[in-house]
Amino acid sequence: MSAYAMTAGKPGAGPAHRISRDTMRRGVLLAPALLLVIGLVVLPGLWLLALSFIEKGHFSFAHYERMLTYSSYYRILIATFRISLVVTLICIVLGFPVAYLMAQLPARLAVVLTVLVILPLWTSVLVRTYAWLVLLTDGGPINRLLLSSGLIQTPLKLLFNETGTVIGMVHVMLPFFILPVYSAVRSFDWSLMQAAASLGAPPRSAFWRVFVPLALPGVAAGSVLVLVQCLGFFVTPAVLGGGNVTMASMKIASNIQQYFDWGAASAFGVVLLLATLGLLLIAGRFVSLNRVLGPA
Amino acid sequence: MRKYGLVAAAMLLISTAAARAEETISYLTAGGVYLEDITKAFLDPIGKKLGIKWSLETGDVDTPIRIQVQSGAVTTDIAEFGASTCAQGAAEGLYEKLDFNVIDTSELAPGTFSDYYVGSTIYSTVLTWNPKTVKNPPQTWAEFWDVEKFPGKRALWRNPRSVLEAALLADGVAKDKLYPLDLDRAFASLAKIKPHITAWWQSGAESQQLLREGGIDMILMFNARAQSVIDEGGSAAYTFNEGFIDYGCWTVVKGAPHKDLAMKVLSEFVKKEYQAQMTVLSNYGAANTKIEETGLIDASLAPKLPTSAENYPKQVVLDADWWAKNGAEAQERFDQFMTE
């Protein structure tokens with residue numbers, strides 16, 4: 001982000017042999033934020049990387065070798081990304097209509113809806129997760145309702161598997177998707193839709209060819225936000241997965257406790273970080289990340 | 001001059017008063033109900049007796065101690081963990097050698113102390129079931145593994161400790177021939193029951209939740225957790241038969257700021273008066289074998305205690321040293337097993 005700000009728009013740069021006062025002032029203003037990011041993100045990240053090559057005080061590839069010896073690491077990584085992608089997709093399908101509705105409502109109603117979207121964020125994730133435990137069980141309200149309505153004959157397996165994990169995670173992540181999308185479409189100029197209609201576009205194609213492309217930066221921002229947070233989930237898969245689901249952070253926690261060696265845990269952390277960056281790079285080929293991460 | 005003399009005298013007074021002020025012992029232990037009971041049974045009376053204050057930290061893993069010792073900035077004086085964590089930490093030099101001139105171990109059960117730690121509470125992981133849904137409950141691990149004769153939803157601990165032992169007992173290994181654990185055989189046996197395990201719990205609170213609201217019919221869980229479900233009016237029953245005994249232990253952290261005082265605290269911690277009080281409050285057994293002599297232990301309490309004369313012989317004592325040495329490999333294979 002900082003690189004974006006530094007390179008963007010320097011029309012009034014002074015002569016080459018001295019830094020313009022403008023640039024200097026900008027640098028001074030940026031310094032605190034830059035120092036914070038370097039001190040709290042970059043340096044610890046590099047330290048994590050360094051630790052992953054140390055075992056019992058010596059340089060070693062042991063932590064990476066272990067990940068190749070036990071296929072569980074590979075499976076956990078795949079499961080982590082699979083669950084996170086599914087949650088993100090469901091958030092898009094469920095969240096986009098909500099944001100669309102919010103954008104169309106009069107301001108006062110939109111505020112009410114915004115509060116309703118944010119409200120769950122004020123409740124602890126742990127509490128919400130345990131609430132799902134009660135709702136999703138075989139004899140819980142959801143299965144009872146479906147059974148008594150005759151839609152199903154045997155209770156659906158909604159708990160202690162990936163299904164339950166995904167349901168719980170979608171519930172936690174939805175606000176993180178809806179809010180960026182809403183902020184992107186809130187200022188949408190609805191006269192564009194009328195213009196499309198006056199040029200002969202039926203409502204559906206006006207929606208797809210005018211509204212959706214303009215909402216896309218918000219959708220991309222929300223998706224990245226959801227996806228990256230999902231990759232680090234711990235409590236929800238631990239409880240609703242009933243031990244049958246292992247996500248990367250759970251294995252990292254287990255390694256810290258088992259090996260008493262930061263390296264064992266940081267090596268898997270490094271792999272997760274690289275895999276995440278790789279995924280973002282691939283995503284960046286389809287959606288401009290600058291539009292997602294930079295100023296909207 | 002006289003003025004200065006007065007000031008000096010006043011300063012002297014202040015400094016001696018400061019020296020007499022209570023010292024603070026920093027103590028790391030498990031949180032929740034356990035901490036409440038520990039506070040009532042040990043910290044309040046001993047704090048008063050020795051004139052010390054407590055600074056409390058809570059947690060189940062020794063990572064904070066490891067960081068303190070490695071970085072040379074030790075702030076914790078006394079730490080309490082499970083037995084294999086104590087044994088492993090002792091092997092790695094995380095703890096001070098205990099001064100047995102100060103601490104009297106003569107009343108502690110054999111195997112619940114070493115040069116580096118002394119036993120606190122004794123607990124057991126036991127076969128538990130919901131008597132409302134299970135009319136013919138399994139009484140051994142072999143029966144728990146028998147899904148035909150004993151139908152019902154099952155749950156186990158997502159942890160190799162005691163689960164591998166249960167798998168070996170179910171496969172016909174004798175109680176006294178368990179160690180060293182045959183990991184291949186244990187995982188082969190565990191693989192047979194895995195398709196029938198609905199949930200694997202990860203915290204004690206979760207195991208209670210599974211039994212109460214999770215629709216689980218039979219489960220391996222801590223005895224005091226099962227008992228508290230019963231005490232709160234829930235539907236649960238358990239047997240100590242083939243339960244797995246484990247114990248908590250107190251250590252003095254290497255380089256502790258109040259090392260000598262910490263030894264003195266441990267010498268109080270192991271006394272039967274306090275340990276008996278802890279048993280009364282918590283339903284945990286005590287490392288001190290003489291707690292009955294205090295007259296605090298009611299006869300009705302005995303059937304609930306893993307350490308009672310009747311219950312103790314039915315169980316298996318987990319081998320802390322084996323787990324200290326092989327815990328990491330067992331855990332890695334267990335995690336592997338869980339993703340297969």
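Quick note: numbers below take in every heavy atom, side chains included, and nothing from hydrogens, waters or symmetry partners. Chain letters run A, B, ... following the sequence lines, proteins first, then strands; residues in each count from 1. Computed from a predicted model, the values in this text were never measured in an experiment.
- Side chains of Gln331(B) and Asn255(A) form no contact here, defined as non-hydrogen atoms less than 4.5 Å apart.
- Under 3.5 Å, the side chains of Tyr130(A) and Glu206(B) contain no donor-acceptor pair of N or O atoms.
- Interatomic distance, CH2 of Trp262(A) versus CD1 of Ile67(B), reported as 4.0 Å (0.5 Å rounding).
- To the nearest 0.5 angstrom, Arg158(B) atom CZ is 5.0 Å from Met250(A) atom CE.
- Only the side chain of Leu210(B) comes within contact range of chain A, with at least one heavy atom under 4.5 Å from a heavy atom of that chain.
- With a threshold of 4.5 angstrom between heavy atoms, Glu340(B) approaches chain A through its backbone and through its side chain.
- Contacts between Lys153(B) and chain A at a heavy-atom distance below 4.5 Å involve the side chain alone, from C-beta outward.
- Judged by distance alone, the side chains of Asp335(B) and Ser254(A) do bring a donor and an acceptor atom under 3.5 Å apart.
- Proximity to chain B is limited to the side chain of Thr137(A), based on heavy atoms less than 4.5 angstrom apart.
- Proximity to chain A involves both the backbone and the side chain of Gln336(B), based on heavy atoms less than 4.5 angstrom apart.
- The nearest pair of heavy atoms linking Asn244(A) to Thr198(B) is ND2-O, 3.0 Å.
- Looking only at heavy-atom pairs under 4.5 Å with chain A, the residue among Met338(B), Glu332(B), Arg66(B), Glu213(B) that has the most is Glu332(B).
- Looking only at heavy-atom pairs under 4.5 Å with chain A, the residue among Gly327(B), Ala199(B), Ala330(B) that has the most is Ala199(B).
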